Amino acid sequence: MTAAEQIRAELVRAARSLGAPEDVDPLLERPRETSHGDWATNLAMVLAKPLRSKPRDIADRLREAIDLERAGVSRIEVAGPGFMNFWLDAGRIASGLSEIISADERYGQSDAGGGKVVNVEFVSANPTGPLHVGHGRQAALGDAISTLLETTGWKVTREFYYNDAGVQIDNLARSVDARLSELDGNSSEIPEGGYHGEYIRELAERYKTDNEGMSVREFAVRELRREQDLDLQAFGVRFDKYFLESSLYTDGMVEETVRLLIASGKTYEHDGALWLRTTDFGDDKDRVMRKSDGTYTYFLPDVAYHVTKWKRGFHRAIDVQGADHHSTVTRVRAGLKALEMGMSGEYPEYVLHQMVTVMKHGEEVKISKRAGSYVTVRDLVNEVGRDAVRYFFLMRKSDSQLIFNVDLAASQSEENPIYYIQMAHARMCGIFRVGEIDPASVSADGAPLEVLSEPEEQELIKALLDFPALVESAAETLEPHRIATYLLETARVAHLWYHKHHVLEQAEDITRARLALARGAQIVLRNGMRILGITSPERM
RNA sequence: GCGCGCGUAGCUCAGUUGGAUAGAGCGUCGGCCUCCGGAGCCGAAGGUCGUGGGUUCGAGUCCCGCCGCGCGCACCA
């Protein structure tokens, strides 16, 4: 039982004894201000109405009714309008280290997800060019969200959806064709909607020398998919499933979905096209699903694709996409809802991220897809390393725009948050290295943890003990940036402690206890970085 | 024009789902350091939380109106 749970249980007992409603569920939180104790509750204010008394009076009576020992606290104060502040005793705090060390790599894990399956789809780039920064943000986000969910007891399938069937692939083939005919000495223009990047020229050259009898289209898609796979590999992202849009046509899923939608009665014919009444589901206008020329708009295969997710058993699905795809959300959900297959209006869940701006040498690197000039994931990885790229993509919440400062990410100094965090971990490792101690042999059991009474020690332990609750709530809200923020703060506290208090060559009981703390910090920093997909080097 | 997101210190951003005196890093200014790695540490200055209303014991957080920025508004994807 954690300290908070222990306080809560006793608080409930005390509240019931004062006549509080049966479902009383006190909220415990960590005050920002240390002078407000280790834990605080606003319970007395919440009970003011049902008990028809002043919050402060209720708080005083609660305080009287609470058994300090059973709550595991040393002191309770009533403050402000009726807050109750709790102080844990130093021994109670330090004893939390035992749990961290014995759990080791499992520390921070939970079974909140109950082993249920969830599908996380991300990147899903069209095979029409290299992966750019936006895809990078998505790759980092999707992978971290997946790991967060795994850490909290979900069974995750990481999925990549290839749009290999649409008009954009035709445009790709025609663009390569144009470059091919240029190679043959004929002047030729990249077609409208085509791709202008230098890689198209390179594709044409490779096709000319070694096309293995493939069509331009097949060759280009194969090569670009291979390139993207290499980029993802360099980034350390691995997918469990690659889903091809084209398969939705070959296996009849698209046709099937159209039939079902028509049967649902939510469609109508107008101007020779087939429309879906998405306005019934909150859209601002109805949408065409089959054009008058008989081909489908993109959102129909999207609906069909999500039907397959549902049918494959994923009753929870998360799509990570750029915010520029925002308009698709209502449409896809409307299509799925119209099918009445039992999905809620929230299926699938979307994590949309805002755009990335790349700054280099103090200037914005302009991105022009049309001219084919943009920063690729591979450029970034080559320039600043995988860990820094991942951390920078994850340090901001997804719905705010992100400025990627290449110079900062590349710098090997304390200004660079990723170095700062990794350095904190490496320092903990350094203690064991210098002391010639196997960290795995360090145990908190039997160690005199009560000697860890310095303010920096108490602060560090408290930070470490916050980790599991943080992981759980970050997983719930699908917000990996909270792990990033936490790591930076915890690294700060660890540096501070490291600087002020020595571990080795102290009195024996102090060294023993501090080794346990160093071990705890090492474990938490490492586990946190692992969630973000970042390595935790033992020396830097 | 409509929809979504954002607006917090000079800069880049957090803010525990409505709590107490709004925080961090960088930058600036001042100071410290014979150390398990100086890739260090301490301190200070710096704020009308875009703005005007509303909701309530209590608002950076929720609601409404404005202003600014980004993205999206096809029988494109």
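Remember, it's a predicted structure, so these values are computed and weren't measured experimentally. The figures here come from the full heavy-atom set of this structure, side chains too, leaving out hydrogens, waters and symmetry mates. The chains referred to below are lettered A, B, ... by the order of the sequence lines, with proteins before strands, and numbering in each begins at 1.
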**Study point:** A:His499 NE2 to B:C42 C1', straight-line distance once rounded to whole Å
**Key:** 9 Å
Check your understanding: C1' atom, B:U28 versus B:U12: distance in rounded Å?
Key -> 16 Å
Practice item. Sticking with atom P, work out how far B:C64 lies from B:G5, rounded to a whole angstrom. Key: 11 Å
**Study point:** Spacing of the C1' atoms in B:C6 and B:A77 (rounded, Å)
**Key:** 25 Å
**Study point:** Interatomic distance at C1', B:G18 relative to B:G54, whole Å
**Key:** 15 Å
Study note, to complete from the structure: With the side chain defined as heavy atoms from C-beta on, A:Arg427 is closest, among B:A14, B:C41, B:G37, to B:G37
Hey, can you pull the donor-acceptor pairs under 3.5 Å for the side chains in residues 284-292 of chain A, sequence neighbours left out?
unit_1, atom_1, unit_2, atom_2, d
A:Asp284, OD1, A:Arg287, NH2, 3.1
A:Asp286, OD1, A:Thr278, N, 3.3
A:Asp286, OD1, A:Thr279, N, 3.1
A:Asp286, OD1, A:Thr279, OG1, 2.6
A:Asp286, OD2, A:Tyr268, OH, 2.8
A:Arg287, NE, A:Asp283, OD2, 2.9
A:Arg287, NE, A:Lys285, O, 3.4
A:Arg287, NH2, A:Asp283, OD1, 3.3

Review point. What string of B, S and - do you get for nucleotides 72-77 of chain B, 5' to 3', if B is base contact, S is sugar-phosphate-only contact and - is no contact with any protein heavy atom under 4.0 Å?
Key: S--BSB
Review point. Are A:Glu121 and A:Lys309 within salt-bridge range, i.e. N to O under 4.0 Å?
Key: yes
Check your understanding: Taking protein heavy atoms under 4.0 Å as touching, what does nucleotides 17-27 of chain B look like 5' to 3' if B marks base contact, S marks sugar-phosphate-only contact and - marks none?
Key -> B-BB---SSSS
Point to revise | Same-atom distance (P) from B:G53 to B:G70, integer angstrom | key: 28 Å
Report, one line per pair, each donor and acceptor closer than 3.5 Å where one atom sits in a side chain of residues 418-429 of chain A; sequence neighbours left out.
unit_1, atom_1, unit_2, atom_2, d
A:Tyr419, OH, A:Gln412, NE2, 2.8
A:Gln422, NE2, A:Asp387, OD2, 3.0
A:Gln422, NE2, A:Thr535, O, 2.8
A:His425, ND1, A:Pro537, O, 3.0
A:Arg427, NH1, A:His495, ND1, 3.0

Practice item. May I ask you to decide if the ring planes of A:His270 and A:Trp275 are parallel, tilted or perpendicular, using 30° and 60° as cut-offs? Key: perpendicular
Point to revise | Euclidean distance for C1', B:G52 against B:G15 (whole angstrom) | key: 24 Å
Review point. How would you label the glycosidic angle of B:U17: syn (within 90° of 0) or anti?
Key: syn
Exercise for review: Name the nucleic acid region contacted by A:Lys500, choosing base, sugar-phosphate or nothing; use a 4.0 angstrom heavy-atom cut-off, strictly under.
Suggested key: nothing
Check your understanding: Less than 4.0 Å between a side-chain N and a carboxylate O, is that true for A:Glu489 and A:Arg492?
Key -> yes
**Study point:** Consecutive-pair stems (3 or more, Watson-Crick or G-U, under 3.5 Å) for RNA chain B
**Key:** B:1-7 with B:67-73, B:10-13 with B:23-26, B:28-32 with B:40-44, B:50-54 with B:62-66
**Study point:** Sequence neighbours excluded, every pair satisfying salt bridge (Lys or Arg N to Asp or Glu O under 4.0 Å) that has a member inside residues 513-523 of chain A
**Key:** A:Asp104-A:Arg519, A:Glu457-A:Arg514
**Study point:** Which atom of A:Leu487 lies closest to which atom of A:Met529, heavy atoms considered
**Key:** CD1-N, 3.7 Å
Exercise for review: Give one of base, sugar-phosphate or nothing for A:Leu504, where a contact means two heavy atoms less than 4.0 Å apart.
Suggested key: base
Review point. Any side-chain N or O of A:His353 less than 4.0 Å from the OP1 or OP2 oxygen of B:C6?
Key: no
Review point. If you draw a 6.0 Å radius around CD in A:Glu538, do more than 12 non-hydrogen atoms from other residues or ligands fall strictly inside?
Key: no
Exercise for review: Look at all strands and tell whether A:Met540 reaches a base, only sugar-phosphate, or nothing, counting heavy atoms closer than 4.0 Å.
Suggested key: base
Point to revise | Modelled atom types, side-chain donor and acceptor of A:His306 and A:Asp319, under 3.5 Å | key: yes
Practice item. Begin with the C-alpha distance, continue with both residues' side-chain angles, and end with the deciding distance and a verdict on salt bridge (Lys or Arg N to Asp or Glu O under 4.0 Å) for A:Glu5 and A:Arg8. Key: CA-CA 5 Å; A:Glu5 286 164 351; A:Arg8 184 181 293 115; 5.6 Å; no
Review point. Taking the P atom of each, how far is B:A22 from B:G65, in whole Å?
Key: 30 Å
Check your understanding: Heavy atoms under 4.0 Å, any strand shown: does A:Val434 hit a base, just sugar-phosphate, or nothing?
Key -> sugar-phosphate
Exercise for review: Give A:His501 one of three labels, base, sugar-phosphate or nothing, depending on what nucleic acid heavy atoms sit under 4.0 Å from its own.
Suggested key: base
